Every structure is written in C-alpha cells, then in structure tokens.
Amino acid sequence: MNLITRTLLAVICCTMSQTTFAQFVQNEAIAHRGAWKVDNLPQNSIASLHRAIELGCAGTEFDVHLTKDGVLVVNHDKDFYGLDIATSTYAELLAKKHPNGESIPTAEAYLREGMKQRKTKLIFELKTSPLGLDRTLEAADQSIELVKKLHAGDWVEYILFDYAGAKRIIELDPQAKVYYLNGDVTPAQAKKDGFYGLDYHFDVYKKNPTWIQEAQHLGLVVNAWTVNTEEEMIRLLDQQVEYITTDQPGLLLDVIQQHAKK
C-alpha cells in the first residue's frame with residue numbers, strides 16, 4: 001500500500017468517525033428521568049427513555065442505585081414501590097412492577113437499550129447511598145466498570161450530588177464527563193478538581209449570577225435543573241447555558257426552536 005492510498009484511507013476513517021460522533025443531537029434539552037410526563041409513562045423506565053429519544057432530546061437523565069447484592073438498578077426514589085433498594089436484593093425488587101408492566105431496569109439493561117441509537121446522550125446520575133460513603137464509592141467503582149465493559153463512554157455523562165463519589169469517577173476515568181449537582185462548589189474549585197461541568201439548580205445560578213459566565217470562561221459545561229417554565233427556560237437560553245434539564249422536554253424543544261429565531 002503506497003503513501004497516497006494510506007493517506008486516503010486515514011482521511012476516510014477519520015471522516016467516518018467524525019460523522020458517527022456528530023450523530024448525537026445538538027440542542028439544550030435534557031429529559032429528566034426520561035420523557036415521562038406527557039404520556040404518563042413511569043419515570044426512569046425503558047419506555048420513558050425511548051420517548052426522550054423519539055422527541056430528539058440531546059440527553060435523557062436516569063438515576064442509579066446499588067442493591068444489597070451489588071446490582072446497579074435504575075429508579076429515582078430510594079425505594080421501588082415500597083421496597084428499599086439499598087437493603088433489598090435485585091430478585092426481591094423484581095416482585096414489583098411499574099404500572100406499564102416493566103420491571104425495575106438494571107443499569108446495564110438501560111445502557112444497552114440506550115446504546116441502540118446514537119442521537120441522545122445517557123445522563124447517568126449515581127445516587128448517594130443511604131448506607132454511607134463506602135457504599136457510594138462502591139457504586140461509583142461498579143458504574144465505571146459497567147460503562148467500560150459496555151464501551152458506553154461515548155453515550156454516558158455522569159452527574160452526582162456526592163462530591164467524593166464524583167471525584168472517585170474522575171479518578172478512575174479521567175476522560176469521563178462528570179458534573180456536580182449540589183450547587184455548593186465554585187466554578188474555579190470544580191475546574192481544579194477535574195469536573196467537566198456544573199449541573200446546578202437554576203436558583204443557584206440566580207443567587208450566584210456570575211457563575212455561568214465564570215464556568216464557561218474556565219471551559220466548564222453548564223447545565224441547569226429542573227426547569228419547567230417557559231420563562232425560566234428563556235432566561236437560561238439567553239445566558240447561553242449548554243443544557244437545561246426538564247420534566248417538560250417537549251415544551252423546552254419548542255422554546256429552543258422559537259428562541260433560535262430571535
């Protein structure tokens with residue numbers, strides 16, 4: 001193979017790779033626990049995941065807990081229809097069903113389903129364990145192992161309220177895109193500690209009006225949660241935040257479209 005042929009092949013491969021990567025949707029909309037509200041789907045269900053993808057959201061957020069027997073499962077609350085997740089085995093949790101008939105998804109099943117497409121990112125919120133820091137760190141370790149096993153890194157971005165858990169993920173995978181949720185750390189400190197971005201409640205940005213600009217100046221990505229009114233969506237879009245997490249992704253997508261016409 002001569003030099004010209006090798007060069008052409010390299011260019012083609014690079015172009016294909018860039019095209020594949022570029023297939024992810026570029027907008028500000030992150031569906032909170034999937035797109036569940038309009039169709040009254042169970043939150044954090046496979047059905048709400050599919051609906052977020054169908055809507056064309058840039059990302060869909062889901063919440064992950066660790067069971068008693070070490071299985072990562074997807075659910076927002078610490079209990080699944082009355083069963084405490086941290087002190088229940090996965091088999092015990094299967095005794096309950098979502099109203100649409102779905103069982104509680106494992107994080108692996110959820111990721112595998114989300115990886116069948118390359119439009120919508122999978123925003124992996126690792127919940128703080130009620131059993132303490134060691135259990136949270138164990139869940140962080142398992143989360144990184146799972147994402148690496150599935151080669152899901154292109155899809156997954158992590159969000160956490162627990163600062164130590166978030167730093168553990170950064171330590172285990174320095175390339176991981178990790179955001180902090182709690183709102184009590186300055187942009188400068190988050191940047192110093194290796195975070196990819198801030199993901200704070202919109203009221204935090206109101207109380208700290210320079211933080212969005214400061215974070216972006218430092219190269220941090222800014223998300224705001226959980227934004228469900230048109231007025232607040234417009235205010236954040238005017239500040240050019242990268243992402244907005246909402247229970248109303250359809251509304252947000254409409255607002256984004258109208259805002260772009262200004």
Side-chain angles (χ1 to χ4, degrees), residues 30-37 39-53 59-117 120-162 164-169 171-173 176 178-179 181 245 247:
I30 307 295
H32 187 225
R33 310 176 196 169
W36 56 272
K37 194 163 190 177
D39 297 325
N40 198 30
L41 299 169
Q43 299 177 18
N44 278 310
S45 63
I46 298 297
S48 66
L49 163 65
H50 286 160
R51 190 72 182 100
I53 294 166
T60 183
E61 181 265 353
F62 62 105
D63 304 283
V64 178
H65 302 257
L66 189 64
T67 67
K68 179 181 178 180
D69 54 340
V71 179
L72 294 169
V73 295
V74 178
N75 193 61
H76 178 263
D77 295 341
K78 64 181 182 180
D79 70 281
F80 186 66
Y81 299 104
L83 292 176
D84 182 68
I85 294 173
T87 57
S88 299
T89 66
Y90 178 59
E92 288 169 342
L93 294 173
L94 291 177
K96 301 286 187 175
K97 299 280 188 181
H98 280 302
N100 69 344
E102 286 187 35
S103 298
I104 188 170
T106 64
E108 179 167 351
Y110 192 99
L111 288 173
R112 287 187 183 278
E113 194 66 26
M115 290 171 66
K116 291 178 180 177
Q117 53 81 48
T120 300
K121 290 289 189 78
L122 307 175
I123 312 303
F124 189 124
E125 180 177 343
L126 182 61
K127 305 299 281 189
T128 303
S129 174
L131 302 182
L133 178 59
D134 287 348
R135 197 65 170 163
T136 298
L137 296 179
E138 182 180 347
D141 294 350
Q142 290 199 29
S143 297
I144 287 292
E145 290 173 8
L146 174 62
V147 170
K148 287 183 175 180
K149 182 183 85 168
L150 298 180
H151 304 287
D154 283 351
W155 284 263
V156 170
E157 299 186 8
Y158 299 92
I159 58 176
L160 297 90
F161 279 99
D162 189 279
K167 288 179 70 175
R168 179 64 154 257
I169 288 177
E171 175 188 347
L172 293 172
D173 183 3
V178 184
Y179 302 71
L181 289 163
T245 297
D247 293 316

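Please read these numbers as outputs of a predicted model, since none were measured by experiment. In this chain, numbering begins with 1 at the start of the sequence shown. Worth knowing before you read on, the calculation uses all heavy atoms, side chains too, and leaves out hydrogens, waters and symmetry mates.
With sequence neighbours excluded, the residues forming a side-chain contact (heavy atoms from CB on, under 4.5 Å) with Lys167 are Tyr163, Asp193, Phe195, listed by chain and number. For Ser48, the side-chain hydrogen bond (donor to acceptor under 3.5 Å, both in side chains) partners are Ser45, not counting sequence neighbours. Evaluation of the side-chain hydrogen bond (donor to acceptor under 3.5 Å, both in side chains) rule for Asn40 yields no partner, not counting sequence neighbours. For Tyr90, there are no ring pair (Phe, Tyr, Trp, His ring centres under 6.0 Å) partners two or more places apart in sequence or in a different chain. Applying the side-chain contact (heavy atoms from CB on, under 4.5 Å) test to Ala109 and every residue at least two apart in sequence or in another chain returns Thr106. Evaluation of the side-chain hydrogen bond (donor to acceptor under 3.5 Å, both in side chains) rule for Tyr179 yields Glu157 as partners, not counting sequence neighbours. For Glu102, the side-chain hydrogen bond (donor to acceptor under 3.5 Å, both in side chains) partners at least two apart in sequence or on another chain are Asn100. Checked against salt bridge (Lys or Arg N to Asp or Glu O under 4.0 Å), Glu125 has the following partners two or more places apart in sequence or in another chain: Lys127. Applying the ring pair (Phe, Tyr, Trp, His ring centres under 6.0 Å) criterion to Phe80, with sequence neighbours excluded, gives His98.
Taking all atoms of both residues into account, the shortest heavy-atom contact from Ser143 to Tyr158 is O-OH, 4.1 Å. Shortest non-hydrogen contact noted between Leu172 and Ala140 is CD1-O, 4.4 Å. The shortest non-hydrogen separation linking Asp154 to Lys121 is O-CE, 3.1 Å. A pairwise comparison of heavy atoms in Ala35 and Ala31 identifies N-CB, 3.9 Å as the closest pair. Of all heavy-atom pairs spanning Lys37 and Asp247, the tightest one is CB-O, 3.6 Å. Residue Leu94 comes nearest to Ser103 through the heavy atom pair CD2-CB, 3.8 Å, listed as atom of the first residue, atom of the second, then distance.
Sorted by first then second residue, the salt bridge (charged side-chain N to carboxylate O under 4.0 Å, His left out) pairs that include residues 132-150, not counting sequence neighbours, are Glu108-Lys149, Arg135-Glu138, Asp141-Arg168. The list of salt bridge (charged side-chain N to carboxylate O under 4.0 Å, His left out) pairs with a residue in residues 71-81, not counting sequence neighbours, is empty. Within the structure, salt bridge (charged side-chain N to carboxylate O under 4.0 Å, His left out) pairs that include any residue of residues 81-94 do not occur (at least two apart or interchain).
The CD1 atom of Ile104 sits 5.0 Å away from the CG atom of Leu93 when rounded to the nearest 0.5 Å. Rounded to the nearest 0.5 angstrom, Ile85 CD1 and Asn75 CG are separated by 4.5 Å. The OG1 atom of Thr120 sits 5.0 Å away from atom CD1 of Ile53, with the distance rounded to the nearest 0.5 Å. Taking NZ of Lys68 as the reference point, atom CG of Leu66 lies at 12.5 Å (rounded to 0.5 Å). We find the CG-CG distance between Leu126 and Leu160 to be 5.0 Å, quoted to the nearest 0.5 Å. Distance check: Glu61 CD to Ile159 CD1 gives 4.5 Å after rounding to the nearest 0.5 Å.
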* To do: Please step through side-chain hydrogen bond (donor to acceptor under 3.5 Å, both in side chains) for the pair His76 and Asp63, ending with a clear verdict.
  => CA-CA 5 Å; His76 178 263; Asp63 304 283; 4.7 Å; no
* To do: Mind running side chain to side chain contact (heavy atoms under 4.5 Å, CB included) on Asp173 and Val178 for me, showing each step along the way?
  => CA-CA 10 Å; Asp173 183 3; Val178 184; over 6 Å; no
* Asked: Hey, mind stepping through Tyr110 and Leu72 against side chain to side chain contact (heavy atoms under 4.5 Å, CB included) and telling me if it holds?
  -> CA-CA 10 Å; Tyr110 192 99; Leu72 294 169; over 6 Å; no
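With Trp36 contributing its side chain and His32 its backbone, the two residues share a donor-acceptor pair below 3.5 Å.
You'll find the side chain of Val64 stays beyond 4.5 Å of the side chain of Val73, heavy atoms only.
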